[in-house]
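Below is one structure, written out as structure tokens; comments come after it.
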Amino acid sequence: MPQNPDAMTNVEIAEVFERIANLMEIKGELVFKVRAYQRAAESLRDLPEEAAALDARGELPNVPGIGKAITEKIQELLSTGKLEFLNRLEEEVPPSLLDLLRVSGVGPKKVALFWKELGLLTLADLETAAKAGKIATLPGMGAKTETNILAGIAGLAARGSRMSLGKAFTAGQRWLTWLREFPGVQRAEAAGSLRRFKETVGDLDLVVACADSPALMAAFTSHPGVVRVLGQGENKSSIELHDGLRIQLWSQPPESFGALWMYATGSKDHNVRLRELAQRRKLSLSERGLTDETGNLLRYPSEEEVYAALGLDWVPPELREDRGEVDAALNHRLPRLIETNDLRAELHSHSTWSDGLLSIEDMALAAFQRGHKVLAVTDHSSYLGITRGMKPEDLPRQRAEIEEVRKRLGDRILILHGAEVDIRADGVLDYPDEALAQLDIVIASLHASLRQPREQITARLLNAIRNPHVDIIAHPTGRLLLDRAGADLDWQAVFQAVQENGTALEINAAPQRLDTDDIHARHAVSLGIPITINTDAHSAADLDQAFYGVSVARRAGLEKDAVINTWEPERITAWLKSR
Ligand code: DGT
Ligand code: CA
Ligand code: ZN
């Protein structure tokens, strides 16, 4: 245990050394001097124990990558939190130059030129100089360099942002395929927020069990798609791609894969709880395993074994947010979460009768091929902006077509005739009650005027909920993730109304929606409100996105029975009739 609780952590010390290495490189110091600080930073990041503890036992100089000179600097940082050497260096090399390194394609050598030849000090200086054509006058640079720098500066703004779960998942699959084909990789999996299916993802965390990690890390950081290497070590590297996507790759030998996967999956808060449990058992938890008091490292090939060593049941990744799952795992009370292949019904879909791509028959066949026993065809009403919506007078003709398809498909799949009815800005539904009464299932949803004040937009939604024909409220807030904020709903009023009316709330599975979200879905189920997970499919491929919606339900802790789509057809039709 460190004597001084405020002492700097290994990561903080590593950051100081990385700062020194960058400043020295800009200054033009010899490569081997720069490299010494980079190596020290790497080994600090990989240390299983705090430097303070090693120092107390006099063992720091023996750590590979940390010699006598570096040990003295670590000691100065541990006791004072500062480093005289760094202060002097920052007087020689302005630290604002470090910001320039964040621009993709700009390394220390270029920064040194910008500084020494053009006197540039800040990012803003660099942008001005590039626009004025001054960069092209430097040796070895041209108009192309300027264009790249300006694109890189523009990319910086985007880099702070997060990506949709859909983009993260697709990119993650592609990179996992690449990793699994790499020689020596025995296993490659997603970790971090992607594995937890958080609704947006910052960077991708991927983990591998690999016998030859250095070769993999070298290939990873020199992959042709890489524009910047954000960090490179023996067991961990981080890259940025042309489109701003960042990937962190973690590697351990197969014996430690369980601990690695668990550590890199997080969340950070979940990990903190696990570390507390480990400490109570006089163990310390890292991505390599559990270390006991004698410094002996216990390795675990699977996550189950790490959890078991801490006295816990294995926790599904979607629950790892420190929302009570650790206590539940201790007491063997984790829920049996719903799974994608529990789904038997798609209750929200579109055909060529509105803006879908497929005929009713083709949609029904696509749903059948995916194991569904029920498909509700719920084309749009003709609200403002949807030119291809249906008028109430079209419904009987659509019903006739459904009857035809039912005859042709026989008992393969039950087709329900429904509609997705827009809730107009004044709260009135797009179809009159006589039209709604003809339908097997009615979905109501908000599409426009989402910026109305809370009271007004909530009243609009309540109006739909109170209509006895309405069975489901689709994507309640109307949000589009990373794009358009949803309605400012009074959720308490919404919950109360759906509870009174027996209406179901939809988790819309489209990854740009994921609406109802996990928090509200959890609360809804605690109140006994039925949930339905739908893809809102406009094509056959859309039906395959159901797992995103299931992941929201899993994050909400839902078991199968809470979700209407898992019910047998008879139970679904009975529920519809009972309303
Ligand atoms: P993101 O990328 O913002 O969507 O969210 P995450 O959860 O993927 O977080 P990220 O990428 O910062 O870190 C990946 C995992 O690494 C995280 O889920 C748990 C682990 N981790 C990161 N920082 C810490 C930390 O300070 N302490 C512990 N115990 N674990 C951490
Ligand atoms: Ca991440
Ligand atoms: Zn829809």
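Every number for a ligand or one of its atoms is a count from 1 in the order of the listing.
Ligand-side atoms of ligand 1 in range of Arg196: 7 (O), 18 (O), range being under 4.0 angstrom from any heavy atom. Each of the atoms 16 (O) of ligand 1 lies under 4.0 Å from some heavy atom of Trp250. Atoms of ligand 1 lying under 4.0 Å from at least one heavy atom of Gly266, given by number and element, are 17 (C), 18 (O), 19 (C). Close approach to Arg162 involves these atoms of ligand 1, each under 4.0 Å from a residue heavy atom: 1 (P), 3 (O), 4 (O). For ligand 1, the atoms closer than 4.0 angstrom to any heavy atom of Gly192 are 8 (O). With ligand atoms numbered from 1 in the order given, ligand 1 contributes 4 (O) to contacts under 4.0 Å with heavy atoms of Val201. Each of the atoms 18 (O) of ligand 1 lies under 4.0 Å from some heavy atom of Thr265.
Given atom 15 (C) of ligand 1, the protein heavy atom at minimum distance is Ala264 O, 3.2 Å. The protein non-hydrogen atom at the shortest distance from atom 11 (O) of ligand 1 is Asp203 OD1, 2.8 Å. In terms of protein heavy atoms, atom 30 (N) of ligand 1 is closest to Asn271 ND2, 3.3 Å. Ranking the protein heavy atoms by distance from atom 9 (O) of ligand 1 puts Asp205 OD2, 4.6 Å first. Distance from atom 1 (P) of ligand 1 to its nearest protein heavy atom, with residue and atom name: Ser193 OG, 3.4 Å. Among all non-hydrogen protein atoms, the one lying nearest atom 20 (C) of ligand 1 is Tyr263 O, 3.5 Å.
Taking the six-membered ring where the residue is Trp, the centroids of His475 and His447 are separated by under 6.0 Å. Checked against a 6.0 Å centroid threshold, the rings of Phe257 and Tyr300 do not count as neighbours.
Looking at Asn565, Thr378, Thr532, Thr535 one by one, the single match for side chain to side chain donor-acceptor pair (under 3.5 Å) with Glu346 turns out to be Thr535. Checked options Asp518, Asp517, Thr516; the residue passing with His520 is Asp517 (criterion: side chain to side chain donor-acceptor pair (under 3.5 Å)).
In this model, no donor atom of one side chain and acceptor atom of the other lie less than 3.5 Å apart for Arg399 and Gln438. Between the side chains of Asp379 and Gln398, at least one donor N or O lies within less than 3.5 Å of an accepting N or O. Remark: the Arg299 side chain and the Ser256 side chain contain an N/O donor-acceptor pair separated by less than 3.5 Å. Judged purely by distance below 3.5 Å, without hydrogens or angles, the side chains of Glu234 and Ser213 never pair a donor atom with an acceptor atom. Using a 3.5 Å distance cut-off with no hydrogens or angles, the side chains of Ser381 and Asp422 do not pair a donor with an acceptor. In summary, the side chains of His348 and Asp536 do present a donor paired with an acceptor at a separation below 3.5 Å, with no hydrogens or angles considered.
Remark: distances from the non-hydrogen atoms of His270 to ligand 1 are all 4.0 Å or more. Residue contacts with ligand 1: Lys198 is excluded, as none of its non-hydrogen atoms falls under 4.0 Å. Ligand 1 has at least one atom lying under 4.0 Å from a heavy atom of Arg275.
The nearest N/O/S atom of Asp536 to the Zn ion (ligand 3) is OD1. Shortest distance from the Zn ion (ligand 3) to Glu420 is reached at OE1 (N/O/S atoms only). Its N, O or S atom nearest to the Zn ion (ligand 3) is what matters here, and for His348 that atom is NE2.
Remark: Glu303 engages Arg320 in a salt bridge, criterion side-chain N to carboxylate O under 4.0 Å. Using a cut-off of 4.0 Å between Lys/Arg side-chain N and Asp/Glu carboxylate O, Arg555 and Glu318 are scored as not salt-bridged. Between Glu189 and Arg180 there is a salt bridge, with a side-chain nitrogen of the basic residue lying less than 4.0 Å from a carboxylate oxygen of the acidic one. Using a cut-off of 4.0 Å between Lys/Arg side-chain N and Asp/Glu carboxylate O, Lys282 and Asp292 are scored as not salt-bridged. Salt bridge Arg273/Asp327: present, at least one basic N to carboxylate O contact under 4.0 Å.
A heavy-atom distance below 4.5 Å is found between the side chains of Thr458 and Val494.
Taking a distance limit of 4.0 Å, we find that atom 22 (C) of ligand 1 is approached by no protein heavy atom.
Nearby protein atoms of type N, O or S around the Ca ion (ligand 2) amount to 3 (distance under 3.0 Å).
Comparing Arg273, Met262, Lys268, Arg246 by heavy-atom distance to atom 31 (C) of ligand 1, the nearest is Lys268.
Metal site remark for the Zn ion (ligand 3): His475 contributes no N, O or S atom at a distance under 2.8 Å.
Within the cation-pi definition used here (under 6.0 Å to the ring centroid, within 45° of the axis), Arg397 does not qualify as a partner of Trp353.
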